[in-house]
Amino acid sequence: MSRLFFASLYCSFVFSYANADSHNFGRQAEYNLDQLKGLSLIELMNVPLVSIASGSKQLSSDAPAVTTVITAEDIEVMGAHDLDEILQSVAGLHVTQTPYYNSVYIMRGIYSQANPHILLLINGVPTNSFLDGNRGRHWRSMPVKSIARIEIMRGSGSALFGADAMSGVINIITKTAEDIEGTEVGTRIGSFGSKDVWALHGTEVGNVKIAAMVEYGETDGHRKIIEQDVQTLHDQIHNTTASHAPDSVNLSQRHLDARLDVQYEEWQWRLSYQGRRDIGSGAGYAQSLSPETTFREDRLLADVTYTHAISDSWDTTVQASYYYLNPLRTEDWLYIYPKGAFGGLYPDGYISRPDFREQHFRLEISNFYSGFENHLVYFGTGYHLADAFHMHQVANFGADPYTGARTLHPNTFYYYDGQQPYTAIPEKSRNNWFFFAQDTWHINENWELTSGIRYDHYSDFGGTLNPRLGLVWHTTDKLTTKLLYGRAFRSPTLNELYNTHSPTTYGNPNLDPETMESWELGLYYQVSPNLYLTATTFYFELDDLIRFRPDSREGISSSAVNSDAQRGHGGEIELNWQPSPQWHIIGNFSIQETKNKRTGQKIAQVPYYLFHLHTDWEFMHHWYVNMQLNGVMNRKRGRLDKRNQIDDYWLTDLTLHYTPTEQWRISLGVRNAFDVDAREPTSFSDRVGVPGLPNDLPLEGRHYFLELQYQL
């Protein structure tokens with residue numbers, strides 16, 4: 001299948017997307033369609049439509065935000081297996097790992113191991129956890145065959161999306177019946193015992209459009225060796241041999257993703273299930289290997305959307321959703337430290353069996369009104385209930401759940417049910433209601449100003465107000481300039497507020513939300529009909545960062561406080577070039593530096609430079625190859641960390657596609673083709689004075705896959 005075919009497919013997609021009014025803001029789609037007139041095919045490919053920036057569909061170059069759009073066709077050409085592979089291609093975004101190999105998305109140098117500063121949406125519904133603010137402790141990415149497109153916004157997004165949209169927003173839009181032609185089936189086999197199968201079906205029965213999708217996979221994961229872990233240090237101190245190191249990381253997993261999408265006139269119903277089983281513990285929950293530990297996770301997301309045109313100038317959308325997940329649940333015991341830990345003090349290990357669950361109810365009403373000349377007004381209100389329930393745990397450490405006395409007998413196990421007076425993590429709920437308003441003022445054919453504000457009120461910490469401004473100037477026929485300002489916030493998590501009886505960390509119910517102000521300048525330049533360049537520079541300030549700081553309580557413990565502040569700056573350059581119909585080149589280069597405001601020290605573990613290049617080449621009819629090169633450079637250790645600096649790495653991926661007929665596609669790929677020893681950094685304990693994993697987290701070496709796909 002040639003690149004030209006993908007171009008024509010994309011062109012068809014652009015116009016169908018621009019004319020669609022089944023989900024949000026159909027009037028504005030017509031308003032922006034005029035911008036597409038006169039554009040060549042290549043220009044349409046280089047300037048996709050987005051809705052994440054302002055709620056309305058518009059050209060990416062005209063949107064009041066810095067955005068990236070990745071379509072299903074892009075994903076197919078990459079040969080991507082999961083979401084993380086795709087996100088590595090986004091300018092300013094680096095995918096790293098926790099010690100238990102949970103994905104962390106570092107956007108523009110804003111880093112935390114819990115990763116609550118970036119908001120992940122699935123079809124516009126937030127999926128961040130109440131417990132930690134991330135996507136659950138065992139997110140481990142998601143398969144991609146059901147994804148129609150991904151829209152990424154870099155920078156502040158709270159004026160539209162509320163909490164956690166600080167460093168950026170990722171919206172995953174799944175396929176509908178219009179995206180699936182009949183039935184598609186496929187299978188993929190690869191290294192590390194990886195096996196995947198999927199089936200997608202789209203049909204139309206009368207006025208009802210139905211899409212059904214299922215994806216199943218399993219893997220043993222790579223088996224790279226961890227030479228030393230935290231327990232190795234304790235063994236050296238106590239002259240014991242409890243550590244499992246040296247041994248391999250445990251990255252096994254089975255996953256099942258199933259989705260149903262039904263559309264009838266102005267209604268859309270969606271239901272999805274994501275199940276994970278036998279999730280390996282990576283390099284250990286506390287950077288101590290625990291091959292016995294496996295986790296499980298279930299997610300259920302249901303939403304219904306109703307869109308109605310009240311008049312020629314007024315569209316209303318109502319969306320209700322329900323989201324359920326297990327942010328932390330083991331299939332048996334969680335070995336935080338192994339049997340015989342702490343000099344034999346814990347002969348059965350430092351262990352627990354957590355089973356935490358939460359659910360989210362959301363209702364949002366949004367409106368577009370275009371009755372004022374040269375203005376498009378977007379406004380709405382909504383409600384969100386986050387409920388942490390069934391917070392159950394069995395553990396041989398911590399406090400007596402009824403008296404609060406510290407456990408003195410490691411062989412004593414306590415049962416915590418989330419409602420006892422001294423439980424580690426209590427059952428809590430949070431209410432949030434909000435109102436937002438935004439005006440897009442088309443000043444003239446060259447100038448457009450977007451201004452907006454959102455107010456959120458939370459039952460547990462009060463209110464927060466977040467404005468935005470975006471000025472877009474069509475400087476010349478080929479140059480567009482953007483000047484952007486935004487304020488964002490992150491709400492304190494359940495752990496940070498209420499984890500008051502853990503043996504090592506204490507929450508603080510008096511926390512304030514974290515806040516961020518950001519400024520951006522973007523230049524979008526069409527050098528020629530087939531060469532498009534983008535340059536962006538940004539600056540931000542983060543205040544009231546929540547950190548667990550050592551306190552004076554008995555034992556080794558920390559308490560959550562608003563104690564930190566950071567500032568960061570950087571820039572991104574992006575290139576999109578098609579020198580011929582058979583050859584397409586996309587690349588980006590990012591510089592990002594984040595420092596502690598008080599000390600001036602660079603934030604540890606964050607790459608200063610990121611590089612991505614990928615090229616698609618149809619070298620013969622029905623044959624084309626995709627090459628990707630990712631560079632991660634200049635990551636620093638913490639101030640007291642005396643380990644050698646973290647090595648840079650460059651990874652090369654190759655995918656060969658063959659399409660003998662319109663129905664068949666065969667792909668053969670190699671990842672990390674040169675078998676580079678790439679590693680992601682691990683944290684350093686200032687209190688203990690030693691690294692948890694001296695040699696950091698190893699990534700996959702060279703590995704292969706073969707994929708077959710058939711369109712019925």
Side-chain angles (χ1 to χ4, degrees), residues 68 70-72 74-76 78-90 93 95-98 100-105 115 118-129 132 134-152 168-176 179-180 184 186 188 190 194-200 211-219 221 251-261 270-280 282 295-303 321 323-327 329 360 671 700 705 707:
T68 300
I70 300 169
T71 68
D74 297 326
I75 296 170
E76 186 174 280
M78 290 179 187
H81 174 254
D82 62 30
L83 179 67
D84 289 359
E85 287 186 65
I86 301 167
L87 295 181
Q88 287 281 29
S89 68
V90 177
L93 197 160
V95 180
T96 185
Q97 306 292 332
T98 65
Y100 39 96
Y101 283 81
N102 194 28
S103 303
V104 174
Y105 304 141
N115 200 208
I118 191 164
L119 180 63
L120 183 80
L121 312 172
I122 297 181
N123 295 315
V125 180
T127 61
N128 286 36
S129 164
D132 292 313
N134 55 12
R135 292 148 298 283
R137 297 193 185 180
H138 299 281
W139 163 247
R140 289 263 182 101
S141 193
M142 66 179 283
V144 300
K145 297 302 179 181
S146 298
I147 297 176
R149 59 195 279 114
I150 304 170
E151 296 186 359
I152 301 105
V169 181
I170 300 169
N171 188 22
I172 300 169
I173 302 166
T174 56
K175 292 178 178 177
T176 66
D179 301 310
I180 306 169
E184 174 190 315
R188 178 175 177 138
S194 299
K195 298 177 283 289
D196 295 88
V197 293
W198 66 89
L200 290 75
M213 297 153 275
V214 62
E215 302 174 78
Y216 174 81
E218 57 185 53
T219 183
L251 295 177
S252 64
Q253 178 178 288
R254 293 184 291 122
H255 70 82
L256 174 66
D257 289 57
R259 303 183 184 277
L260 179 67
D261 184 292
R270 284 180 293 231
L271 177 65
S272 67
Y273 169 76
Q274 293 180 297
R276 305 290 184 264
R277 296 294 185 269
D278 299 326
I279 306 171
F295 299 89
R296 62 181 297 174
E297 184 179 86
D298 295 284
R299 298 165 182 262
L300 180 68
L301 176 59
D303 71 88
S321 66
Y323 179 49
Y324 164 90
L325 76 156
N326 296 136
R329 185 181 182 186
H360 300 256
R671 298 293 182 256
E700 297 165 316
F705 72 87
E707 181 177 295

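All figures in this text were calculated on a predicted structure; none of them were measured in a lab. Computed over heavy atoms, backbone and side chain alike; hydrogens, waters and symmetry mates excluded. Position 1 is the first residue of the sequence, and the numbers go up from there.
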### Query
With no hydrogens and no angle check, is any side-chain donor or acceptor of Asn128 less than 3.5 Å from a backbone partner on Leu119?
no
#### Entry: Donor-acceptor under 3.5 Å (Asn102 side chain, Arg140 main chain)
yes
### Task
Would you kindly say whether Trp198 and Glu184 are connected by a side-chain donor-acceptor distance under 3.5 Å?
yes
### Summary
Applying salt bridge (Lys or Arg N to Asp or Glu O under 4.0 Å) to Arg137 and not counting sequence neighbours gives Asp132
### Summary
Heavy atoms of Pro143 and His255 approach each other most closely as CG-CE1, 3.8 Å
### Query
What is the distance from atom OG1 of Thr219 to atom CZ of Arg254, rounded to the nearest 0.5 Å?
12.5 Å
### Query
Okay, side chain of Ser141, backbone of Leu83: is any donor-acceptor separation there less than 3.5 Å?
yes
### Query
Is a side-chain donor or acceptor of Lys175 paired with a backbone partner of Asp261 at a separation under 3.5 angstrom?
no
### Query
Can you tell if the side chain of Val125 reaches within under 4.5 Å of the side chain of Arg270, non-hydrogen atoms only?
no
### Test side-chain hydrogen bond (donor to acceptor under 3.5 Å, both in side chains) applied to Gln88 - qualifying residues, sequence neighbours left out
none
### Message
Checking Ser146 now: which residues fulfil side-chain contact (heavy atoms from CB on, under 4.5 Å) with it, not counting sequence neighbours?
### Response
Met213, Glu215, Arg259
### Message
Quick one: does any side-chain atom of Asp298 pair with a main-chain N or O of Asn326 as donor and acceptor, under 3.5 Å?
### Response
no
### Task
For Asn171, enumerate each residue passing the side-chain hydrogen bond (donor to acceptor under 3.5 Å, both in side chains) test, keeping only those at least two apart in sequence or located in another chain.
none
## Note on the structure
When every non-hydrogen atom of Gly124 is compared with those of Pro126, the smallest separation belongs to O-CD, 3.7 Å
### Query
Are Tyr101 and Gln253 side-chain neighbours, meaning at least one heavy-atom pair lies under 4.5 Å?
no
### Task
Quick one: closest heavy-atom pair of Leu325 and Ser129, and the distance?
CD1-CB, 4.4 Å
### Query
Does the side chain of Arg329 reach to within under 4.5 Å of the side chain of Arg276, using non-hydrogen atoms?
no
### Task
Hey, could you give me the NZ/CG distance between Lys145 and Asp196, rounded to the nearest 0.5 Å?
9.0 Å
### Query
Short question: side chain of Thr127, backbone of Leu120 - any donor-acceptor pair under 3.5 Å?
yes
### Query
Which distance, rounded to the nearest 0.5 Å, do you find between the CD1 of Ile118 and the CZ of Arg135?
7.0 Å
### Task
Search all heavy atoms of Ala148 against all heavy atoms of Asp179 and return the closest pair with its distance.
CB-OD2, 3.8 Å
### Candidate list Thr98, Asn134, Asp84, test side-chain hydrogen bond (donor to acceptor under 3.5 Å, both in side chains), partner Ser103, passing option
Asp84
### Message
Taking side-chain hydrogen bond (donor to acceptor under 3.5 Å, both in side chains) as the definition, give me every residue that meets it alongside Arg671, ordered by chain and number, with sequence neighbours left out.
### Response
Glu85, Thr655
### Side-chain ion pair, Arg188 and Glu707, N-O less than 4.0 Å
yes
### Message
When you compare the side chains of Asp257 and Gln274, does any donor N or O come within less than 3.5 Å of an acceptor on the partner?
### Response
yes
### Query
What's the verdict on side-chain contact (heavy atoms from CB on, under 4.5 Å) for Val95 and Val104, showing C-alpha distance, side-chain angles and the deciding distance?
CA-CA 6 Å; Val95 180; Val104 174; over 6 Å; no
### Query
Are a donor atom and an acceptor atom from the side chains of Asp303 and Tyr323 found within less than 3.5 Å of each other?
no
### Task
Any chance you could measure Ile70, atom CD1, to Leu87, atom CG, to the nearest 0.5 Å?
6.5 Å
### Query
What's the spacing between Arg299 CZ and Tyr273 OH if we round to 0.5 Å?
11.0 Å
#### Entry: Interatomic distance, Ile173 atom CD1 to Asn123 atom CG [nearest 0.5 angstrom]
7.0 Å
### Query
Partners of Ser89 by side-chain hydrogen bond (donor to acceptor under 3.5 Å, both in side chains), sequence neighbours excluded?
none
